[in-house]
Amino acid sequence: MEHEETMRIGEVADQTSLSFRTLRHYEDVGLVIPTGRTDGGFRLYTPKDVGRLMIVRRMKPLGYTLDEMRAVLDVVDALADEPDSENLQERLSALRQEATARRERLANQVGMADEFLAQLAQFSAAESPPRPAR
(Lines give C-alpha, C1' and ligand atoms only; values in the text may rest on other atoms or scores of the structure.)
Protein backbone atom coordinates (compact mmCIF):
# COMPACT_ATOMS: atom_id res chain seq x y z
CA MET A 1 0.00 0.00 0.00
CA GLU A 2 3.05 2.26 0.27
CA HIS A 3 2.74 3.54 -3.30
CA GLU A 4 -1.03 3.35 -3.58
CA GLU A 5 -3.04 6.55 -3.31
CA THR A 6 -4.90 6.72 -0.01
CA MET A 7 -7.50 8.98 1.54
CA ARG A 8 -8.49 9.70 5.11
CA ILE A 9 -12.02 9.21 6.36
CA GLY A 10 -13.02 12.87 5.81
CA GLU A 11 -12.12 12.73 2.13
CA VAL A 12 -13.96 9.44 1.76
CA ALA A 13 -17.03 10.82 3.53
CA ASP A 14 -17.05 13.80 1.14
CA GLN A 15 -16.55 11.60 -1.92
CA THR A 16 -19.19 8.99 -0.99
CA SER A 17 -21.74 11.17 0.85
CA LEU A 18 -21.56 8.70 3.74
CA SER A 19 -21.15 9.95 7.28
CA PHE A 20 -18.11 9.25 9.45
CA ARG A 21 -20.42 7.23 11.69
CA THR A 22 -21.61 5.09 8.77
CA LEU A 23 -18.05 4.51 7.54
CA ARG A 24 -16.98 3.45 11.03
CA HIS A 25 -20.04 1.18 11.34
CA TYR A 26 -19.25 -0.53 8.04
CA GLU A 27 -15.76 -1.17 9.36
CA ASP A 28 -17.06 -2.46 12.71
CA VAL A 29 -19.36 -4.98 11.00
CA GLY A 30 -16.64 -6.02 8.55
CA LEU A 31 -18.43 -4.76 5.45
CA VAL A 32 -15.77 -2.34 4.15
CA ILE A 33 -12.54 -2.25 6.09
CA PRO A 34 -10.03 0.50 5.29
CA THR A 35 -6.90 -0.88 3.66
CA GLY A 36 -4.62 0.67 6.26
CA ARG A 37 -3.98 3.11 9.05
CA THR A 38 -1.48 5.85 9.67
CA ASP A 39 1.02 5.58 12.50
CA GLY A 40 -1.42 7.76 14.45
CA GLY A 41 -4.28 5.32 13.85
CA PHE A 42 -6.18 7.29 11.21
CA ARG A 43 -8.04 5.16 8.68
CA LEU A 44 -6.62 5.07 5.15
CA TYR A 45 -8.88 4.17 2.24
CA THR A 46 -7.78 3.25 -1.27
CA PRO A 47 -9.75 3.87 -4.46
CA LYS A 48 -10.77 0.18 -4.30
CA ASP A 49 -12.19 0.74 -0.79
CA VAL A 50 -14.11 3.76 -2.07
CA GLY A 51 -15.46 1.67 -4.96
CA ARG A 52 -16.76 -0.91 -2.49
CA LEU A 53 -18.37 1.86 -0.43
CA MET A 54 -20.10 3.22 -3.54
CA ILE A 55 -21.54 -0.24 -4.24
CA VAL A 56 -22.86 -0.37 -0.69
CA ARG A 57 -24.22 3.18 -0.89
CA ARG A 58 -26.13 2.29 -4.03
CA MET A 59 -27.64 -0.79 -2.39
CA LYS A 60 -28.97 1.12 0.63
CA PRO A 61 -32.00 2.70 -1.10
CA LEU A 62 -32.95 -0.71 -2.45
CA GLY A 63 -33.31 -2.08 1.06
CA TYR A 64 -30.39 -4.50 1.17
CA THR A 65 -29.43 -5.80 4.60
CA LEU A 66 -25.80 -5.78 5.75
CA ASP A 67 -25.60 -9.54 5.13
CA GLU A 68 -27.02 -9.11 1.61
CA MET A 69 -24.53 -6.32 0.95
CA ARG A 70 -21.71 -8.56 2.15
CA ALA A 71 -22.88 -11.32 -0.20
CA VAL A 72 -22.84 -8.93 -3.16
CA LEU A 73 -19.35 -7.71 -2.27
CA ASP A 74 -18.19 -11.33 -1.96
CA VAL A 75 -19.31 -11.99 -5.54
CA VAL A 76 -17.70 -8.76 -6.78
CA ASP A 77 -14.44 -9.67 -5.06
CA ALA A 78 -14.47 -13.21 -6.39
CA LEU A 79 -15.18 -11.98 -9.92
CA ALA A 80 -12.09 -9.78 -9.75
CA ASP A 81 -10.04 -12.96 -9.28
CA GLU A 82 -12.09 -15.27 -11.54
CA PRO A 83 -13.97 -13.17 -14.13
CA ASP A 84 -14.72 -16.19 -16.31
CA SER A 85 -16.14 -18.38 -13.54
CA GLU A 86 -19.47 -19.73 -14.73
CA ASN A 87 -20.72 -20.14 -11.17
CA LEU A 88 -19.85 -16.54 -10.30
CA GLN A 89 -21.43 -15.25 -13.50
CA GLU A 90 -24.63 -17.12 -12.60
CA ARG A 91 -24.57 -15.60 -9.12
CA LEU A 92 -24.03 -12.15 -10.65
CA SER A 93 -26.99 -12.70 -12.96
CA ALA A 94 -29.19 -13.64 -10.00
CA LEU A 95 -28.02 -10.53 -8.13
CA ARG A 96 -28.87 -8.36 -11.13
CA GLN A 97 -32.36 -9.89 -11.34
CA GLU A 98 -32.90 -9.25 -7.63
CA ALA A 99 -31.66 -5.66 -7.95
CA THR A 100 -33.99 -5.11 -10.91
CA ALA A 101 -36.95 -6.38 -8.89
CA ARG A 102 -36.03 -4.12 -5.98
CA ARG A 103 -35.71 -1.13 -8.32
CA GLU A 104 -39.16 -1.84 -9.77
CA ARG A 105 -40.66 -1.96 -6.27
CA LEU A 106 -38.95 1.33 -5.44
CA ALA A 107 -40.21 2.91 -8.69
CA ASN A 108 -43.75 1.80 -7.79
CA GLN A 109 -43.38 3.40 -4.36
CA VAL A 110 -42.22 6.66 -5.96
CA GLY A 111 -45.22 6.53 -8.29
CA MET A 112 -47.56 6.11 -5.33
CA ALA A 113 -45.85 8.99 -3.53
CA ASP A 114 -46.38 11.18 -6.58
CA GLU A 115 -50.06 10.24 -6.65
CA PHE A 116 -50.35 11.04 -2.95
CA LEU A 117 -48.73 14.44 -3.44
CA ALA A 118 -51.14 15.17 -6.29
CA GLN A 119 -54.07 14.24 -4.03
CA LEU A 120 -52.78 16.52 -1.28
CA ALA A 121 -52.46 19.35 -3.80
CA GLN A 122 -56.20 19.07 -4.42
CA PHE A 123 -56.79 20.14 -0.83
CA SER A 124 -54.46 23.12 -0.97
CA ALA A 125 -56.11 26.41 0.00
CA ALA A 126 -54.67 28.03 -3.10
CA GLU A 127 -56.25 25.42 -5.33
CA SER A 128 -59.61 24.99 -3.64
CA PRO A 129 -62.69 26.90 -4.82
CA PRO A 130 -63.68 29.95 -2.79
CA ARG A 131 -66.09 29.29 0.07
CA PRO A 132 -69.48 30.99 0.00
CA ALA A 133 -69.73 34.11 2.22
CA ARG A 134 -71.99 33.93 5.27
Side-chain angles (χ1 to χ4, degrees):
M1 189 178 85
E2 293 175 15
H3 298 81
E4 192 169 10
E5 175 189 343
T6 58
M7 294 167 270
R8 290 192 180 190
I9 194 169
E11 295 170 275
V12 173
D14 288 343
Q15 192 170 341
T16 62
S17 298
L18 295 169
S19 68
F20 284 38
R21 183 177 181 212
T22 297
L23 294 169
R24 289 182 187 118
H25 177 67
Y26 288 163
E27 179 183 5
D28 290 344
V29 299
L31 191 60
V32 179
I33 299 171
T35 296
R37 289 194 180 259
T38 66
D39 291 338
F42 293 101
R43 293 164 178 82
L44 293 174
Y45 294 85
T46 63
K48 181 180 177 185
D49 298 332
V50 173
R52 291 171 62 82
L53 287 165
M54 293 304 290
I55 291 171
V56 169
R57 193 189 93 186
R58 290 176 178 127
M59 284 189 279
K60 283 177 63 170
L62 297 174
Y64 282 85
T65 65
L66 291 173
D67 287 338
E68 290 168 330
M69 290 177 183
R70 191 173 290 109
V72 170
L73 291 173
D74 288 347
V75 171
V76 169
D77 291 342
L79 278 168
D81 295 332
E82 301 177 63
D84 297 327
S85 166
E86 193 171 310
N87 179 43
L88 291 172
Q89 289 297 328
E90 287 173 8
R91 289 174 62 192
L92 179 63
S93 178
L95 289 170
R96 290 174 92 178
Q97 289 174 357
E98 173 64 22
T100 298
R102 287 173 184 248
R103 187 206 175 282
E104 288 172 2
R105 284 193 296 273
L106 186 58
N108 287 336
Q109 288 178 319
V110 169
M112 290 186 134
D114 288 343
E115 290 173 12
F116 175 62
L117 289 169
Q119 285 179 318
L120 289 177
Q122 293 173 359
F123 300 108
S124 171
E127 296 179 27
S128 60
R131 294 184 181 183
R134 289 188 170 194

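One-based numbering along the sequence shown.
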Requested in this report: Run the numbers on Glu98 and Arg105 for salt bridge (charged side-chain N to carboxylate O under 4.0 Å, His left out), then give the verdict.
Outcome: CA-CA 11 Å; Glu98 173 64 22; Arg105 284 193 296 273; 3.8 Å; yes

For residues 25-33, which side-chain N or O atoms pair as donor and acceptor with protein atoms under 3.5 Å away, sequence neighbours left out?
from, atom 1, to, atom 2, distance (Å)
Glu27, OE1, Arg37, NH2, 3.4
Glu27, OE1, Arg43, NE, 2.5
Glu27, OE1, Arg43, NH2, 3.3
Glu27, OE2, Arg37, NH2, 2.9

Report summary line: Correct closest heavy-atom pair for Arg70 and Asp67 would be NH1-OD1, 2.9 Å

Requested in this report: Answer yes or no: is there a donor N or O on one side and an acceptor on the other, between the side chain of Gln89 and the main chain of Glu86, under 3.5 Å?
Outcome: no

**Report entry** Exceeds 12 heavy-atom contacts within 6.0 angstrom, atom CZ of Arg24
**Finding:** yes

Query raised in the report: Do side-chain atoms of Asp49 reach the backbone of Thr35 as a donor and acceptor pair under 3.5 angstrom?
Result: yes

Query raised in the report: Out of curiosity, Asn87 CG to Glu90 CD, how far, rounded to the nearest 0.5 Å?
Result: 6.0 Å

Query - Nearest-0.5 Å distance, CE of residue Met59 to OG1 of residue Thr65 - result: 9.5 Å

Could you list the donor-acceptor pairs under 3.5 angstrom formed between side-chain atoms of residues 7-19 and any protein atom two or more places apart in sequence or on another chain?
from, atom 1, to, atom 2, distance (Å)
Glu11, OE1, Arg8, N, 2.9
Thr16, OG1, Val12, O, 2.7
Thr16, OG1, Leu18, N, 3.3
Ser19, OG, Thr22, N, 3.0
Ser19, OG, Thr22, OG1, 2.9

Requested in this report: Look at the side-chain heavy atoms of Ile, Leu, Val, Met, Phe, Trp and Tyr, link any pair under 4.5 Å apart, and say whether Leu73 and Leu92 land in one connected group.
Outcome: yes

Report task. Output the distance between atom CG (Leu66) and atom NZ (Lys60), rounded to the nearest 0.5 Å. Result -> 9.5 Å

Requested in this report: Assess whether side chain to side chain contact (heavy atoms under 4.5 Å, CB included) is satisfied between Asp77 and Arg52, documenting all intermediate values.
Outcome: CA-CA 9 Å; Asp77 291 342; Arg52 291 171 62 82; 2.6 Å; yes

Report task. Indicate, with yes or no, if Met54 and Leu44 share a hydrophobic cluster defined by side-chain heavy-atom contacts under 4.5 Å among Ile, Leu, Val, Met, Phe, Trp and Tyr. Result -> no

Report summary line: dist Lys48:NZ -> Leu53:CG (nearest 0.5 Å) comes out at 12.5 Å

